[in-house]
Every structure is written in structure tokens, then in C-alpha cells.
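Notes follow the structure.
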Amino acid sequence: MGGRGTAVQGPRRLRRQAAAALVLCGALTLTACNGDGNGGDAGAAGTGPGASPASPSATASSSAAPGGAAPSTSAASSKKPAPTTTPPAKPKPTAPGPACASKDAVSPDEIAVYRYTPEGGQYSLIVKHGHWGCPVAGGATPFVTVGEETYIPIAEDAKIGAHAPILSGSANKPITTHELTSWLETHPNKGLVFHYNVNKAGVIETLGQEEYTS
């Protein structure tokens, strides 16, 4: 026997190799079993066999619904109600005003008496012509004078009727020309209104105080 040949394994060594093979097989079996158990747990934790997984479109719509509903609600609430158009009421016709004389109109027989003068040896009343104006609410109707002051002679025996403030009371009472001129001397420029008549010579022969004053 010049060199070593292949040694024949003994029975003890074969048994050790068989035992090692069995241990390796058992370890592989346990690893496979543990893998199955993890898969079962994952299946229990996931969706069951009968349940259908939610579709991506459903998930997207459900997640977008809260955000999408808000603008429509706010838009609806921000809309202002349409204004109601009410036709304008027709203006009431104005009440007809009083018949007022024009500014150029002059009463032919009424004058406002302011003062008197004895010049020329005859009494003359200093007067202004005019007309009655528009009635004043809550007051007397004014006598609107026109033009400049003028002189009208008055007869010493003229028939004159007067009341307040020349005399007491509101009814005309007879007074003389002298009584009238005496009152005008102490109360000038009052502008009391009288109606009058003149004779052919243009001298006042009747003079009556009007109810209203200017």
C-alpha cells in the first residue's frame, strides 16, 4: 500500500450526518410554518374575504365632499335678494293757490295811508297805491303797495270811518278829518288801508278803514 486511498466512513460518522440533516429539515419546516402564520395574521388584519375594497374614486369623492360643499353653501348665502321694484307713487296734484293779483295791478279805490301834510292850505294824505296780496297762513292778508308815495287832498268835512288802532273796537266809527290827521301825526307810517272816493276835483270826500292792515 504505497499511498492513502479513499477512507471508508464509519457508522458513527454517518449517524452524525443524518442527525444534522434532520435538524436542518426541521428548521426549514418551522420557518415555512411561521411564514404561513404571518400571512394569516395579515389577512385577518386586512379586508375580509367578503368585503370589497373601497374604490379610489369613492375615496376621492368622499374626501372631496366636505371641501366641495362649502363653496356652494357660501355662494348661496352670499347672494343678495333681488330688489323689489316698486312703481313710484304718482304725485298728488297741488291744491289751487289763491287768486293773487299781479305785481302791476293796483286797486282803483284802496290806498295805504302813511302821513299827512297841510301844505298849500289844505290837508292832503300821503299814501301809496297797491293791492291785496296772497293770504298768509295764520295771519292777515297783506296789502302790497306799488310805486312811490303820492298826495291826495282830503276835504275837511269828509265822511271818515275808523276802528282799531285809531279807535277801540273792530267796527268802523265816524271821526273827523282833524281827528284822523292828529292820529297820523302821532302814529306815522303805519300804512293803514282805506277805501276812498273822490269828487270831480279829485278830493277825497269819503274814507273808510279796511278790515285788514298791511
Quiz item: Cluster question for you: counting only ILVMFWY and a side-chain heavy-atom cut-off of under 4.5 Å, with indirect links fine, are Val203 and Leu125 together?
Solution: no
Self-check item: Donor-acceptor pair, side chain of Thr177 and main chain of Ala155, under 3.5 angstrom
Solution: yes
Self-check item: Side-chain donor/acceptor of Gln209 to backbone N/O of Ala164, under 3.5 Å
Solution: yes
Quiz prompt | Euclidean distance, His187 NE2 relative to Asn189 CG, rounded to 0.5 Å | solution = 12.5 Å
Exercise. Measure the CD1-OG distance between Ile166 and Ser182 for me, rounded to the nearest 0.5 Å.
Key: 11.0 Å
Practice problem: Please answer: with hydrophobic residues joined when any side-chain heavy atoms are less than 4.5 Å apart, are Val198 and Ile126 in the same cluster? | Solution: no
Exercise. Please check if the side chain of His129 supplies one atom and the backbone of Thr150 the other of a donor-acceptor pair under 3.5 Å.
Key: no
Self-check item: Lys128 to Thr145 - nearest heavy-atom pair and separation
Solution: NZ-OG1, 3.7 Å
Practice problem: Could you label the plane-to-plane angle of the Trp132 and Phe143 rings as parallel, tilted or perpendicular, counting under 30° as parallel and over 60° as perpendicular? | Solution: perpendicular
Quiz item: Nearest 0.5 Å, what's the NZ-OG1 distance between Lys159 and Thr206?
Solution: 8.5 Å
Exercise. Look at atom CD of Glu156 and say whether more than 12 heavy atoms of other residues, nucleotides or ligands are closer to it than 6.0 Å.
Key: no
Quiz item: Under a single-linkage definition using a 4.5 Å side-chain heavy-atom cutoff for Ile, Leu, Val, Met, Phe, Trp and Tyr, are Ile175 and Ile152 assigned to the same hydrophobic cluster?
Solution: yes
Quiz item: Is a side-chain donor or acceptor of Glu179 paired with a backbone partner of Thr176 at a separation under 3.5 angstrom?
Solution: yes
Quiz item: Would you call Glu149-Arg115 a salt bridge at under 4.0 Å N-O?
Solution: yes
Quiz item: Say you draw a straight line from NE2 of His195 to OG of Ser107; how long is it, rounded to the nearest 0.5 Å?
Solution: 10.5 Å
